[in-house]
A.B. asks: 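The structure is given below, and queries will be raised subsequently.
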There are 2 protein chains.
Amino acid sequence: METLRKRRGTGRVTLADVAKSAGVGAMTVSRALRTPEQVSEKLRDKIQLVVEELGYIPNQAAGALASGKSDSIALILPSFADKVCSNFIPSFQEILNQAGYQLVIGYSNYSITQEEQLLSTLLANNPAAVVLFGSEHSAQTVKLLKNSQAAILELAEINELCIDLNVGIDHYQSSKEMTRHLIKQGFQKIAFVGARSEQSILRKQLRGWQAAMLENYLAPDHFLTSNDEPNIELGCEGVAKLLLQQPDLDALICSHEEIAMGALFECQRRVLQIPKDIALTCLDGSTFSEKCIPRLTSIEINYAKMAGKAARLLLQRLTGQDQNLLKQIDIGFKLCERASS
Amino acid sequence: METLRKRRGTGRVTLADVAKSAGVGAMTVSRALRTPEQVSEKLRDKIQLVVEELGYIPNQAAGALASGKSDSIALILPSFADKVCSNFIPSFQEILNQAGYQLVIGYSNYSITQEEQLLSTLLANNPAAVVLFGSEHSAQTVKLLKNSQAAILELAEINELCIDLNVGIDHYQSSKEMTRHLIKQGFQKIAFVGARSEQSILRKQLRGWQAAMLENYLAPDHFLTSNDEPNIELGCEGVAKLLLQQPDLDALICSHEEIAMGALFECQRRVLQIPKDIALTCLDGSTFSEKCIPRLTSIEINYAKMAGKAARLLLQRLTGQDQNLLKQIDIGFKLCERASS
DNA sequence: CACACATTTGGTAGCGCTATCAGGTAGCGC
DNA sequence: GCGCTACCTGATAGCGCTACCAAATGTGTG
């Protein structure tokens with residue numbers, strides 16, 4: 001009478017149900033699904049049939065608990081507006097999914113405090129790996145990461161002090177190269193407009209621009225930065241303010257394409273010819289730079305390639321094939337010379 | 001001697017460790033963390049202290065297994081390039097995080113097959129809810145969803161046949177209203193360029209345009225669609241091809257801002273004046289439409305608002321306060337009349 | 001002081017799965 | 001046939017947590 005009082009099962013089909021229905025042991029079913037090669041073909045087929053018939057979906061929580069492993073990879077994204085999102089994540093996720101991992105994405109809005117808080121929530125899932133953007137983290141974040149068993153991957157910029165794995169590009173070099181290109185083209189009064197001024201990426205870009213200017217005996221005096229997200233407004237404002245500071249300005253480097261958009265519109269409004277009156281370039285170009293009028297000289301970063309390299313590096317680490325492997329990969333960049341310079 | 005041979009614990013601090021160290025029972029610790037009001041203040045404080053001291057992080061897998069509930073919400077995103085991503089997800093995630101839920105994001109690339117596959121993977125996590133974009137799903141997807149205990153939320157478009165909850169806008173109406181606006185402004189030869197032609201959103205937009213044209217005795221004959229993602233190229237191509245078909249074309253509606261960008265550039269290239277020679281509008285405007293030259297008349301959708309309404313609706317459902325509640329919310333849209341028409 | 005009642009605490013028995021090991025079966029050489 | 005390895009299969013004992021009861025403690029009433 002007092003039989004099933006204590007049951008609180010979810011009603012879902014369980015591994016045991018499959019086992020009973022197939023007339024085999026539970027372990028055999030478990031193996032048939034995870035390591036099929038360890039099960040005879042006969043049983044494997046029979047089990048597969050029952051699985052489909054019953055619509056069995058494994059309970060990952062139980063699996064994770066029993067094995068102490070998990071197939072989730074935590075990714076903390078600083079911004080959804082970035083190109084990273086549209087170009088990087090799809091490729092990255094695809095490769096990881098194929099290897100059986102699940103991305104769990106959090107959003108930090110470029111705040112290291114939020115990053116830290118998110119991280120401690122995400123670590124409760126016991127993820128196999130944690131993927132972060134940028135190289136700036138709170139001390140507590142670094143401590144949490146080092147205490148966790150998870151593999152750590154830092155993306156977006158090459159960082160000497162990376163915790164574990166690191167895939168990215170050298171923003172100092174890219175900015176320097178862009179500046180050198182402009183100088184080679186004969187431009188001399190080169191200004192810089194950048195967003196997210198508190199991020200180390202922008203600081204590196206600024207230093208790259210300054211270095212290239214100085215090595216050519218030019219003064220890197222005029223620049224405008226904002227700590228906001230890159231936007232069109234900043235580009236408009238940049239052209240306006242910098243032209244006031246330096247009326248004979250002849251070139252402008254924008255850290256982001258959105259800024260370059262704004263700058264382009266502002267130049268149109270002022271009937272400034274590009275590149276005759278002023279050259280316009282950006283450091284993270286994609287389709288807009290390639291298609292607008294005039295087409296903009298820009299640094300292009302292959303985020304899909306970055307995703308591929310990053311995912312594969314991470315997988316090697318997760319499968320323990322990373323003994324004698326580079327832990328840091330520089331993706332490089334391409335300077336696309338176009339009509340705007 | 002044969003004591004600890006069988007241990008395979010992860011080495012992490014567990015709830016039992018905290019309980020022992022605090023000198024209380026495990027259940028009391030569990031309650032102190034999840035339902036503090038059920039524990040006396042004295043014990044609560046003592047436990048909190050020990051938790052911090054030991055750096056205890058709860059194991060969610062175990063919790064989910066024991067309670068049969070999970071705090072993960074699966075979100076299947078069709079595209080990362082969309083505005084949905086940058087505007088919707090941050091707000092949506094923030095509200096859900098605050099309520100203690102975790103977003104697990106998958107990427108379907110607008111393929112209902114991939115959506116189905118992703119879904120079955122994500123359901124293994126036993127999510128509290130599943131959030132999908134669009135209204136088109138495979139039969140198997142619908143079956144999986146209905147079998148699962150999870151709450152279902154369909155986003156982006158209002159859909160009569162929604163499975164459960166539904167928050168979105170009426171794309172038929174928005175397109176119709178835009179067309180009416182153009183007609184009211186005196187434009188008559190109005191063409192349409194749209195991307196993702198196999199999605200029902202675009203089909204509704206096309207029908208809205210057609211309906212508005214017909215009710216004004218105008219022929220909705222000229223349009224160009226592509227099943228690709230919206231891009232600048234399509235806008236350029238649209239202007240070129242439609243102008244060939246109909247040289248006296250006087251207005252163009254673009255389904256996406258990217259297309260409008262391309263159209264704008266192509267018009268500049270052809271030295272067509274906007275709106276004197278041709279009006280240009282789009283159905284999902286944001287900053288570009290607002291800032292480019294001339295500024296584009298566009299339909300604006302408040303994705304942050306959509307996120308707020310959707311998240312709150314979902315939370316009500318998850319806490320069971322949804323008995324006499326609307327299951328479907330129309331977010332509405334705003335027609336921003338600007339210089340381009 | 002006995003009693004009902006509310007509040008706080010802890011023991012126990014799972015949740016559904018996998019690691020581990022023991023048992024069974026088959027194949028092979030002597 | 002026997003011993004030996006190689007392989008396949010299943011019983012058992014947890015993984016760390018929470019639902020469910022039961023016990024303990026406090027509180028107010030007659």
Side-chain angles (χ1 to χ4, degrees), chain A residues 2-47 51 54 56-71 100 123-126 149, chain B residues 2-47 51 54 56-71 100 123-126 149:
Chain A
E2 33 76 294
T3 42
L4 294 186
R5 187 63 81 70
K6 284 231 164 166
R7 292 243 133 255
R8 43 193 163 103
T10 48
R12 261 172 55 166
V13 180
T14 70
L15 195 142
D17 296 334
V18 176
K20 200 184 299 172
S21 177
V24 299
M27 261 327 287
T28 308
V29 177
S30 175
R31 274 192 284 256
L33 294 174
R34 294 183 309 130
T35 49
E37 70 280 4
Q38 289 179 22
V39 176
S40 68
E41 202 179 321
K42 209 179 79 184
L43 285 189
R44 217 190 304 153
D45 291 348
K46 194 200 288 183
I47 289 169
V51 163
L54 299 185
Y56 168 66
I57 295 181
N59 180 330
Q60 296 224 20
L65 180 59
S67 68
K69 289 177 211 150
S70 114
D71 62 355
L123 283 178
N125 271 322
N126 209 17
Q149 339 270 338
Chain B
E2 32 77 293
T3 43
L4 294 185
R5 187 62 81 67
K6 283 229 164 166
R7 293 239 133 260
R8 44 194 163 101
T10 49
R12 261 170 55 164
V13 180
T14 71
L15 198 149
D17 296 334
V18 176
K20 201 183 299 170
S21 176
V24 298
M27 263 324 290
T28 307
V29 177
S30 175
R31 273 191 287 255
L33 295 174
R34 294 182 308 129
T35 51
E37 71 280 3
Q38 288 180 23
V39 176
S40 68
E41 201 179 323
K42 210 180 79 185
L43 284 188
R44 217 191 302 153
D45 291 350
K46 193 200 287 182
I47 289 169
V51 163
L54 299 185
Y56 169 65
I57 295 181
N59 181 330
Q60 296 224 18
L65 180 59
S67 68
K69 290 177 211 145
S70 115
D71 64 354
L123 283 178
N125 271 323
N126 208 16
Q149 337 272 337

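Chain A is the first sequence line, chain B the second, and so forth, proteins listed ahead of strands; every chain is numbered from 1. Note that these values count all heavy atoms, side chains included, but never hydrogens, waters or copies made by symmetry. All values reported here derive from a predicted model rather than from experimental measurement.
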A.B. asks: Expressed in angstrom and rounded to an integer, what is the separation of Gln60(B) atom CD from dC17(C) atom P?
C.D. replies: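 Interatomic distance, CD of Gln60(B) to P of dC17(C): 19 Å.
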A.B. asks: Quick one: does Asn126(A)'s side chain get under 4.5 Å of Gln60(B)'s, heavy atoms only?
C.D. replies: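 Contact flag for Asn126(A)/Gln60(B) side chains = no.
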A.B. asks: Measure all distances between protein nitrogen or oxygen atoms and nitrogen or oxygen atoms of nucleotides 5-9 of chain D, and list the pairs falling under 3.5 Å.
C.D. replies:
residue: dT9(D); atom: OP1; partner: Ser40(A); partner atom: OG; Å: 2.7
residue: dT9(D); atom: OP2; partner: Ser40(A); partner atom: N; Å: 2.9

A.B. asks: Tell me, do Asp17(B) and Tyr56(B) make a side-chain contact under 4.5 Å, heavy atoms counted?
C.D. replies: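 Asp17(B) does not reach Tyr56(B) side chain to side chain.
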A.B. asks: Is there a side-chain polar atom (N or O) of Arg34(A) under 4.0 Å from OP1 or OP2 of dT18(C)?
C.D. replies: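 Yes, Arg34(A) has a side-chain N/O under 4.0 Å of OP1/OP2 on dT18(C).
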A.B. asks: dA19(C) pairs with which nucleotide, Watson-Crick or G-U wobble, both distances below 3.5 Å?
C.D. replies: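 When the pairing criteria are applied, dT12(D) turns out to be the nucleotide that pairs with dA19(C).
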A.B. asks: Can you measure Lys42(A) atom NZ to dA26(C) atom P for me and round it to whole angstrom units?
C.D. replies: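 So the two atoms are 10 Å apart, to the nearest Å.
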A.B. asks: Counting just side-chain N and O atoms, does Ser30(A) come under 4.0 Å of either OP1 or OP2 of dC17(C)?
C.D. replies: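 The answer is no; no side-chain N or O of Ser30(A) sits under 4.0 Å from OP1 or OP2.
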A.B. asks: Calculate, to the nearest 0.5 Å, the distance between atoms CD and CZ belonging to Glu37(B) and Arg31(B) respectively.
C.D. replies: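 So the gap between those two atoms works out to 11.0 Å.
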A.B. asks: To the nearest angstrom, how far is Asn59(B) atom CG from dC15(C) atom P?
C.D. replies: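 Atom CG in Asn59(B) sits about 18 Å away from atom P in dC15(C).
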A.B. asks: Find the distance Met27(A):CE to dA22(C):P and express it as a whole number of Å.
C.D. replies: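 So the two atoms are 16 Å apart, to the nearest Å.
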A.B. asks: Let's test this: given Watson-Crick or G-U wobble pairing with both distances under 3.5 Å, identify the partner of dG29(C).
C.D. replies: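 dG29(C) is paired with dC2(D).
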A.B. asks: Say you draw a straight line from CG of Leu123(B) to CD of Gln149(B); how long is it, rounded to the nearest 0.5 Å?
C.D. replies: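 Spacing of CG (Leu123(B)) from CD (Gln149(B)) equals 10.5 Å.
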A.B. asks: In whole Å, I'd like the distance from the CZ atom of Arg12(B) to the P atom of dG16(D).
C.D. replies: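 It is 9 Å, rounded to the nearest whole Å.
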A.B. asks: Mind calculating the distance between CD1 (Ile57(B)) and C1' (dC17(D)) to the nearest angstrom?
C.D. replies: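 Ile57(B) atom CD1 is separated from dC17(D) atom C1' by 16 Å.
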A.B. asks: Contact between Val13(B) and Ile57(B) at the side-chain level, heavy atoms closer than 4.5 Å - yes or no?
C.D. replies: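 They are not in contact (no side-chain heavy atoms under 4.5 Å apart), so the answer is no.
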A.B. asks: Rounding to a whole Å, what distance do you find between Lys20(A):NZ and dG10(D):C1'?
C.D. replies: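 Rounding to the nearest Å, NZ of Lys20(A) and C1' of dG10(D) are 16 Å apart.
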A.B. asks: Side chains of Thr14(A) and Val18(A): does their closest heavy-atom pair fall under 4.5 Å?
C.D. replies: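 No, their side chains stay 4.5 Å or more apart.
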A.B. asks: Does any part of the side chain of Asn125(A), heavy atoms only, come nearer than 4.5 Å to the side chain of Ser70(A), both counted from C-beta?
C.D. replies: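 No. Closest side-chain heavy atoms not under 4.5 Å.
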A.B. asks: Between Leu65(A) (CG) and dC17(D) (P), how many Å, whole number?
C.D. replies: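 It is 9 Å, rounded to the nearest whole Å.
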